[in-house]
2 protein chains.
Amino acid sequence: MPTKVLIVEDDGNIAELLHLYLEKEGFETQVAKDGGKGVELFRSFQPDLVLLDIMLPVMDGWTVLKKIRETDKTPVIMLTAKGETEDKVSGLEQGADDYIVKPFEMKEVLARIHAVLRRTGGEEEPQEKKLSFDKLVINLDSYELLVNGQRVDTPPKELELLYHLASSPNRVFTRNQLLDEVWGFDYFGDSRTVDVHIKRLREKLEGVSDQWRLKTVWGVGYKFELGPSA
Amino acid sequence: MPTKVLIVEDDGNIAELLHLYLEKEGFETQVAKDGGKGVELFRSFQPDLVLLDIMLPVMDGWTVLKKIRETDKTPVIMLTAKGETEDKVSGLEQGADDYIVKPFEMKEVLARIHAVLRRTGGEEEPQEKKLSFDKLVINLDSYELLVNGQRVDTPPKELELLYHLASSPNRVFTRNQLLDEVWGFDYFGDSRTVDVHIKRLREKLEGVSDQWRLKTVWGVGYKFELGPSA
DNA sequence: GGCTTGGGTGAATAATTTGTGAATTAGGGG
DNA sequence: CCCCTAATTCACAAATTATTCACCCAAGCC
């Protein structure tokens, strides 16, 4: 079953962004736009974790947190605007589990959600992000690329792209899919960007093995192709 | 989950014997009958320990060991016939963890497996907070840093940071992870702080060994990298 | 109270990666 | 075989990120 996250946030844009992003990451989410609805939804939705804004209509975040803590110890991450940071200590004292300062990046939110879930025991350790093929090791834990056992210096975006392609061998990804999935759905950029990264990867991987290759599927996109070359 | 053992051995009788005996003892085992299959199975099965014969068809034990060591530090116990014992030293030098001479008793094998697992941390053991690498000892019990056996005065935060990084060699930590895990999740501070501590550590550790280093992973974070420098 | 040391901050500087435009080459359909 | 579209490539600009320096604050210690 997916992990359930309740988002209590009155700013529609932020709420929507969190909603979309977390759904994409495999969470089940619900949004409440004020503190009162937040408490209601908490009771009915029974989330595994709560993202809670401090400044809210009807009932502020502190009060919501207090209500939640009367009955549950569900992890809560507070969202706060810059400058309210002095509230941090009191927030943690009142039972919040972590704190994120706006504006935040989605990656950051995700990392903290995982950190809190791990800390509170709601999540099992993820397995290592490592892929091996003939003469090739792609390791996203150490961010290194090994070709014939030799480290090859590779920038993060390139490595993430390669990892993404290689984690579904033979599957074709369109440029826009890759942009969405590697760069993030909120990235707006030319799809030629992908081509350039593919090129730089090909330079590093040229002639290493005939058991796999980065193949262009004309008119569609790219794939990491496995098997002996034709 | 049971401990996984990969058996690479071409003699069917011995392989079968090891297989049966270890399964009975609660291990999960897989058997490869030649070196090539051994390497393949190693990648897919991802064992916790390998029993590796030296004399093998297709690819000999030394080569298999080398391939394994390119990417993993999984413990390996070499199996050798009587008379090949002069290989022992070179075997251990090449990264084998132990050595068993045929013919052997099953009890002997079991004892050595447990010993190696204990030694390499694959099995529970009360552990002191001490890490050693080439020319470097990090001791969090005494809060001491030893470089070439010499004590180097190091403030607590720096030492904790180094210890944390070095306790998961090669794994990349983001600045926020480090702030969470070393400074505490309730610490609120700039992530430049991490940079400064890294710098101070680097000053202390500069040029000590080429077997490890504090490496920046651009766009991601830092890691304690093991292995000869590229 | 003054002094020393560890820890943290902000800003200037340096280093790299990443993205883009334009020119070039290759592919596929008619 | 030609044309149009897509892909590749290059060089460069821009954005991002890391390093470093100088300095401040606070705690612990004479």
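To find a chain, count down the sequence lines: A is the first, B the second, and so on, and within it residues start at 1.
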Chemist: How many Å lie between CG on A/Leu145 and P on C/dT17, as a whole number?
Modeler: 14 Å
Chemist: CG of B/Leu179 versus C1' of C/dT9: gap in Å, rounded?
Modeler: 13 Å
Chemist: Using OP1 and OP2 only, check whether a side-chain N or O of A/Thr216 sits under 4.0 Å from D/dA6.
Modeler: no
Chemist: Between C/dT18 atom C1' and A/Phe188 atom CZ, what is the distance in whole Å?
Modeler: 18 Å
Chemist: Among C/dT18, D/dC21, C/dG19, which nucleotide sits nearest the side chain of B/Lys199?
Modeler: D/dC21
Chemist: Please determine if a side-chain N or O atom of B/His197 lies less than 4.0 Å away from the OP1 or OP2 oxygen of C/dG8.
Modeler: yes
Chemist: Give a yes/no answer on whether the side chain of A/Trp183 brings an N or O atom under 4.0 Å of OP1 or OP2 in C/dG19.
Modeler: yes
Chemist: Both B/Asp153 and B/Thr193 contact DNA chain C. Which one's nearest nucleotide lies toward the 5' end?
Modeler: B/Asp153
Chemist: What is the separation between atom NZ on B/Lys157 and atom P on D/dA27, rounded to the nearest whole Å?
Modeler: 14 Å
Chemist: Would you please indicate if the ring centroids of B/His164 and B/Trp183 are separated by under 6.0 Å?
Modeler: no
Chemist: Is there a side-chain contact between B/Arg202 and the phosphate of D/dT19, meaning an N or O under 4.0 Å from OP1 or OP2?
Modeler: yes
Chemist: Could you tell me how far apart B/Asp195 (CG) and C/dA11 (P) are, to the nearest whole angstrom?
Modeler: 16 Å
Chemist: Can you see if the side chain of B/Trp218 gets near the phosphate of C/dT18 - specifically, an N or O under 4.0 Å from OP1 or OP2?
Modeler: no
Chemist: Is any side-chain heavy atom of A/Leu131 closer than 4.5 Å to one of A/Val137?
Modeler: no
Chemist: Distance check needed: C/dG27 C1' versus A/Lys215 NZ, whole Å only.
Modeler: 13 Å
Chemist: Would you mind telling me which of D/dA18, D/dT9, C/dG7 lies closest to the side-chain atoms of B/Arg175?
Modeler: D/dA18
Chemist: Does a side-chain N or O of B/Tyr222 approach OP1 or OP2 of D/dT19 to a distance below 4.0 Å, or not?
Modeler: yes
Chemist: Does B/Arg200 contact C/dG6 through a side-chain donor or acceptor facing the base, at a distance under 3.5 Å?
Modeler: no
Chemist: Whole Å only: how far is the NZ atom of B/Lys204 from the C1' atom of C/dT5?
Modeler: 12 Å
Chemist: Among the candidates D/dA7, C/dT18, D/dT9, find the nucleotide nearest to the side-chain atoms of A/Pro156.
Modeler: C/dT18
Chemist: Once you round it to whole Å, what is the distance between P of D/dA6 and CZ of A/Arg192?
Modeler: 11 Å
Chemist: Does any non-hydrogen side-chain atom of A/Met78 lie less than 4.5 Å from one of A/Asp98?
Modeler: no
Chemist: Do A/Ser209 and A/Asp134 have side-chain N/O donor and acceptor atoms under 3.5 Å apart?
Modeler: yes
Chemist: Can we call the ring centroids of B/Phe133 and B/Phe224 under 6.0 Å apart?
Modeler: yes
